[in-house]
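Everything numeric in this text was worked out from a predicted model, so none of it was measured.
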Amino acid sequence: HTLYGHANQVWSVAFNFNSTLLASGSHDYTIRLWDTSTGACLKSLRGHTNQVWSVAFSPDGLLLASGGDDQTVRLWDINTGDCLKTLRDPSGQIRSVAFNPRGDLVTSAGNSHIIHIWDISSGQIHSVLREPINQIWSISFSPDGHTIASCGDATFINLWDVSAGQRVKTLHGHESAVLSVSYSPDG
């Protein structure tokens, strides 16, 4: 299917756990939820006041996290389309959001050297990781939830121990900026 509906560029897409829904985040400040079997737009989620750079489904598929240039992470109820929480990221524009495998934490990172790990139930910052690069483009939890990978305007990928809040390894080898990172399902 070709999916039509956004009024501007689409910056991010994500499937839910069983690939029946696709979420898209756009420069038009909206998020759209799509039925993958029909290509129909099921919902248009509005609330961001600037472009949406990243979307991610929770592991159970009931929540969607979004982050963008309005310096917020928004948590959406997939069934109703309601914004349940707005988390104000104190460090700037958000380029990436990711849930941990248990679905009780969500991370945000972007135009600063900070990765925030948020407790979803309280809406408070759980911990902070200080990345040595300024622009973080992508973050990903390992399948066991113990490690976060981060990358951005640098030629390396950092691996972080979530519980210790420490960088444990730096992976070198790229010749230019690394703009996206993701774990394989088996880690």
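Between the side chain of Ser26 and the main chain of Asp28, a donor-acceptor pair closer than 3.5 Å is present. Checking side-chain atoms of Arg95 against main-chain N and O of Gly68 turns up no donor-acceptor pair under 3.5 Å. Under the 3.5 Å distance criterion, the side-chain polar atoms of Thr36 are matched with a main-chain donor or acceptor of Ser19. For the pair Ser12 (side chain) and Val55 (backbone), a donor-acceptor distance under 3.5 Å is present. Side chain of His126 to backbone of Leu105: no donor-acceptor contact under 3.5 angstrom is found. With hydrogens and angles ignored, the 3.5 Å screen pairs no side-chain donor or acceptor of Asn8 with any backbone N or O of His27. Of the possible donor and acceptor atoms, one in the side chain of Asn16 sits under 3.5 Å from a partner among the backbone N and O of Thr20. With hydrogens and angles ignored, the 3.5 Å screen pairs no side-chain donor or acceptor of Thr147 with any backbone N or O of Leu159. The closest donor-acceptor contact from the side chain of Asp70 to the backbone of Thr49 lies under 3.5 Å. Judged by distance alone, the side chain of Lys85 and the main-chain N or O of Ile120 form a donor-acceptor pair under 3.5 Å.
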Sequence neighbours left out, cut at 3.5 Å: what donor-acceptor pairs do the side chains of residues 169-181 make with other protein atoms?
unit_1 : atom_1 : unit_2 : atom_2 : d
Thr170 : OG1    : Asn158 : OD1    : 2.7

Pair Ile114-Arg130, side chain to side chain contact (heavy atoms under 4.5 Å, CB included): steps then yes or no: CA-CA 5 Å; Ile114 303 291; Arg130 299 193 185 284; 2.9 Å; yes
Full working for side chain to side chain contact (heavy atoms under 4.5 Å, CB included) between Asp89 and Thr72: CA-CA 6 Å; Asp89 193 311; Thr72 66; over 6 Å; no
Worked check of side chain to side chain contact (heavy atoms under 4.5 Å, CB included) between Ile78 and Phe57: CA-CA 9 Å; Ile78 293 306; Phe57 280 97; 3.7 Å; yes
Full working for side chain to side chain contact (heavy atoms under 4.5 Å, CB included) between Leu22 and Val13: CA-CA 7 Å; Leu22 179 75; Val13 294; 4.1 Å; yes
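For Trp34, the ring-ring contact (aromatic ring centres under 6.0 Å, His included) criterion is met by no residue, not counting sequence neighbours. Judged as a ring-ring contact (aromatic ring centres under 6.0 Å, His included), and not counting sequence neighbours, His48 has no contacts.
Annotation: His113, atom NE2; neighbour count of heavy atoms from other residues, nucleotides and ligands within 6.0 Å is above 12.
The shortest side-chain heavy-atom distance between Ile125 and Pro90 falls under the 4.5 Å cut-off. Between Arg88 and Gln71 there is no side-chain heavy-atom pair separated by less than 4.5 Å. At least one side-chain heavy atom of Leu129 sits under 4.5 Å from a side-chain heavy atom of Ile117.
Linking ILVMFWY residues whenever their side-chain heavy atoms come closer than 4.5 Å, directly or via other members, leaves Ile136 and Val128 in distinct clusters. Linking Ile, Leu, Val, Met, Phe, Trp and Tyr whenever their side-chain heavy atoms come within less than 4.5 Å puts Leu84 and Val97 in one cluster.
Note on Arg102 versus Asp60: no salt bridge recorded, every NZ/NE/NH1/NH2 to OD/OE distance being 4.0 Å or above.
Residues Asp69 and Trp53 have side chains that bring a donor and an acceptor to within less than 3.5 angstrom of each other.
Paired with Thr107 under the rule side-chain contact (heavy atoms from CB on, under 4.5 Å), one option of Trp160, Trp118, Phe141 passes, and it is Phe141.
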